[in-house]
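Everything below concerns the one structure shown next.
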Amino acid sequence: MSTGESIISLRSVAKHFGSVRAVDDVSFDIRRGEFFSLLGPSGCGKTTLLRMLAGFEVPTSGAILIDGQDVSTVPPHARPTNMVFQNYAIFPHLSVRENIAYGLRKKGLSKQELAQTVEDALALIKMTGYGDRASHQLSGGQRQRVALARALVCKPKVLLLDEPLGALDKKLREEMQLELRQIQRTVGVTFVFVTHDQEEALALSDRIAVMSRGKALQIDAANRLYEAPNCKEVAAFIGSMNFFQGSLRETSGGTALVDAGPLGQLSASAAENAPGPGSQVSIAVRPEKLRLAWDKPAAGQNAIAGRIATEAYFGDRSHYHVAVEGLAEPIAVAMQKSDRLLDDASSIGRPVWISWAPEAAVLLTE
Amino acid sequence: MSDIAEPGGAAMREPSSPPAKPLRTRILQRFPWLRGYLLMSPTIAVMLAMLIVPVVALFVRSFWTQNVFEIDTTFTLRNYAYIFELSDRITYWFGIPFPLANPVYVILLVKSIAMSLAVTVVVILLAYPMAYFMAFRVKRHKMLWLILITIPIWTSYLLRVFAWKIMLGFNGVINSGLMNLGIIDKPLEFLLYNPIAVIITLAHAWVAFAILPIYVSLEKIDRSLLEAATDLGDKPWERFWHVTLPLSAPGTIATILLVFIPTVGDYVTPALVGGSGGSMIGNSIQLLFGRQNDAPLGSAVSVVMMATITAIVCLFLWLVDYRKIRARGMN
């Protein structure tokens with residue numbers, strides 16, 4: 001899908017509202033044909049960034065290039081982008097067919113071509129026969145699809161989606177996620193998708209930009225964001241994560257040794273650009289990469305002794321909190337049913353060993 | 001409360017059986033619509049006394065006749081026949097032929113409707129931009145703007161009409177201003193006592209009432225719809241034409257009716273600033289009831305006027321809906 005060629009270039013883009021830096025010096029490229037997500041908590045600047053791509057906001061500084069052209073000050077109606085709005089913005093005084101045809105009227109199509117394009121779009125969103133409905137006769141999911149079709153028929157170079165699934169219930173949302181991905185593959189248009197739902201972003205996107213306080217923290221594929229976060233904020237935002245603080249003793253052969261105070265010496269895989277010895281670092285491990293055992297594990301693994309504080313049973317998996325002396329927060333451990341050792345209901349309060357392989361942990365600088 | 005009020009009453013009743021409800025309560029529970037009418041009764045009484053009774057009285061009286069000093073109450077269509085009596089002698093008014101024996105009432109009615117339409121157009125042209133400004137441009141202190149707009153209504157209608165007399169009069173503000181500036185030598189006489197003066201004065205009187213309904217319908221428009229139109233390629237004017245105007249139609253139509261209906265029958269403004277050329281149907285109705293002492297004919301003219309306005313309003317409402325449907329079919 002991704003050819004590597006960029007269709008959108010953001011160059012030091014910033015947007016200030018008074019003293020608030022909604023978007024603060026962001027630079028990255030979005031590739032042609034990719035499904036790109038802007039992910040972050042509310043107020044992180046993702047929607048402002050999307051609105052700048054659409055042309056509803058003009059950057060305070062920096063430049064936005066779409067297909068090589070600087071569009072920073074081009075008004076929305078003259079941009080090769082179209083948007084799916086958060087509340088869908090279906091025109092209430094027009095029928096479904098007229099809504100979809102809205103952006104096509106100026107494309108100089110003949111009456112037959114226009115009608116055919118609208119019918120094709122209705123077929124794409126599986127709503128053939130709904131053309132004459134009024135917007136108030138549609139369900140949330142149908143409105144969402146009409147908004148999608150209305151934007152796609154304009155054949156934009158980039159389709160912008162502002163939390164389009166946020167208003168749908170869980171089941172419908174999951175269906176629409178699949179459908180959205182399928183439509184994106186069919187039409188091959190670059191999608192820029194804003195969401196605060198990390199699962200949605202992970203499931204849909206080719207690449208994701210994790211945003212916080214107006215900055216793009218990390219731009220990577222979903223698995224890289226999950227397995228190799230580049231900072232504590234990304235690590236904490238995507239999924240759940242256990243952090244162990246300490247000072248770096250040495251790095252050798254891609255493995256770092258860290259003095260973690262009361263926990264003793266811990267090891268983690270380290271990138272080439274790891275900081276020098278003595279720096280304050282964190283070791284980050286996902287709950288599902290930790291193992292629980294009654295007996296002390298063999299050497300060569302990281303091991304911490306603790307006591308089981310809580311257990312939450314989910315059927316296919318269980319979540320434990322293990323209290324460890326010297327740690328303020330308990331350690332979260334997730335275990336699949338297949339390797340669940342502790343199926344004893346009275347496991348709470350029992351001493352236990354937590355262990356993990358060095359390559360399961362990531363070294364992050366403070 | 002009930003604890004204090006009850007003991008005496010409770011001791012008198014059988015404690016075990018439920019207390020029998022009074023007849024009134026039972027009837028009202030059996031027939032809920034009766035309760036509805038009962039609750040509405042003050043409003044219904046006012047409507048009957050102040051709206052329906054006068055209209056019915058007017059309607060009935062239009063079938064009577066005036067015999068110099070007393071009223072003959074035998075049913076007759078003579079008044080209507082008088083208004084619409086055909087004649088070979090054709091009266092022309094602005095080139096329009098009226099082949100009527102007594103054309104004055106029909107001509108005045110047509111003229112009043114034309115003037116009211118002019119007033120309505122002027123009011124919409126003035127009120128819409130103001131409402132648009134308040135809805136889309138004013139970000140803070142909207143309440144203050146709304147209050148400012150109602151300020152003209154704080155003075156009496158009569159005073160405002162007189163104010164226009166002072167503005168437009170022979171020695172009025174405009175004339176003396178222009179003379180002091182040396183633009184004219186003697187006062188312009190065409191400013192006052194003509195239909196234009198009536199239209200200006202009426203438009204000024206109604207503009208404040210017109211802003212509010214348009215403002216409300218503009219304020220209700222979801223801003224993302226406007227963004228969507230822009231995003232789909234509309235320039236600002238196209239967006240206004242395709243989205244803003246159709247979505248503000250309810251308020252605008254309400255305003256058109258609100259201004260058109262009462263101004264057709266207005267008689268104070270034409271009496272004060274209209275002169276002989278600017279008089280309207282309301283003035284001749286007033287004369288018929290007063291100096292000309294022919295209330296039955298005045299009633300008939302009133303009924304004809306009301307029927308005409310009703311017909312125009314129905315036609316207008318049918319037209320706007322029809323247009324909407326046609327526009328949908330065309331797209």
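We name chains A, B, ... by the order of the sequence lines, and we start the count at 1 in each one.
Residue Lys111(B) places its NZ atom among more than 12 non-hydrogen atoms of other residues, nucleotides or ligands, all under 6.0 Å distant. Applying the 6.0 Å contact sphere to CZ of Arg160(B) captures more than 12 heavy atoms from other residues, nucleotides or ligands. Counting heavy-atom neighbours within 6.0 Å of Phe240(B) CZ, excluding the residue itself, gives a total above 12. Dense packing is recorded around NZ of Lys107(A), with more than 12 heavy atoms of other residues, nucleotides or ligands lying under 6.0 Å away. More than 12 heavy atoms of other shown residues, nucleotides or ligands fall within 6.0 angstrom of atom CH2 in Trp93(B). Atom CE of Met47(B) sits in a sparse spot, with 12 or fewer heavy atoms from other residues, nucleotides or ligands closer than 6.0 Å. Atom OH of Tyr132(B) has more than 12 heavy atoms from other residues, nucleotides or ligands within 6.0 Å.
Below 4.5 Å, heavy atoms of chain B meet heavy atoms from Pro76(A), His77(A), Thr81(A), all part of residues 64-81 of chain A.
Contacts of Glu113(A) classified as salt bridge (Lys or Arg N to Asp or Glu O under 4.0 Å), with partners at least two apart in sequence or in another chain: none.
Looking at Leu225(B), both its backbone and its side chain come within 4.5 Å of chain A, counting heavy atoms on both sides. Contact annotation for Ile90(A): only backbone heavy atoms (N, CA, C, O) come within less than 4.5 Å of a heavy atom of chain B. Residue Asn87(A) touches chain B through its side chain alone, counting heavy-atom pairs closer than 4.5 Å.
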* Decide yes or no on side-chain contact (heavy atoms from CB on, under 4.5 Å) for Asp234(B) and Arg105(A), but give the supporting numbers first. => CA-CA 10 Å; Asp234(B) 271 4; Arg105(A) 294 165 314 172; 3.1 Å; yes
* Please test Asp231(B) against Arg51(A) for salt bridge (Lys or Arg N to Asp or Glu O under 4.0 Å), starting from the C-alpha separation and ending with a verdict. => CA-CA 11 Å; Asp231(B) 187 67; Arg51(A) 289 175 61 80; over 6 Å; no
* Verdict with reasoning, Met83(A) to Glu227(B), per side-chain contact (heavy atoms from CB on, under 4.5 Å) -> CA-CA 9 Å; Met83(A) 187 146 163; Glu227(B) 290 193 338; 5.8 Å; no
* Asked: Under the side-chain contact (heavy atoms from CB on, under 4.5 Å) criterion, do Phe85(A) and Asp222(B) qualify, and how do the steps go?
  -> CA-CA 12 Å; Phe85(A) 289 81; Asp222(B) 184 349; over 6 Å; no
Please table the atom pairs, donor to acceptor, closer than 3.5 Å between any side-chain atom in residues 195-206 of chain B and protein atoms at least two apart or in another chain.
{"unit_1": "Thr201(B)", "atom_1": "OG1", "unit_2": "Ala197(B)", "atom_2": "O", "d": "2.7"}
{"unit_1": "His204(B)", "atom_1": "ND1", "unit_2": "Trp164(B)", "atom_2": "NE1", "d": "3.0"}

Could you give the side-chain donor-acceptor pairs of residues 255-264 of chain B under 3.5 Å, partners two or more places apart or in another chain?
{"unit_1": "Thr255(B)", "atom_1": "OG1", "unit_2": "Gly251(B)", "atom_2": "O", "d": "2.7"}
{"unit_1": "Thr263(B)", "atom_1": "OG1", "unit_2": "Ser116(B)", "atom_2": "OG", "d": "3.1"}
{"unit_1": "Thr263(B)", "atom_1": "OG1", "unit_2": "Val259(B)", "atom_2": "O", "d": "2.7"}
{"unit_1": "Thr263(B)", "atom_1": "OG1", "unit_2": "Phe260(B)", "atom_2": "O", "d": "3.1"}

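Residues His93(A) and Leu247(B) come closest through the heavy atom pair ND1-CD2, 3.6 Å.
Within the 4.5 Å cutoff, the side chain of His242(B) has heavy atoms near those of the Tyr102(A) side chain.
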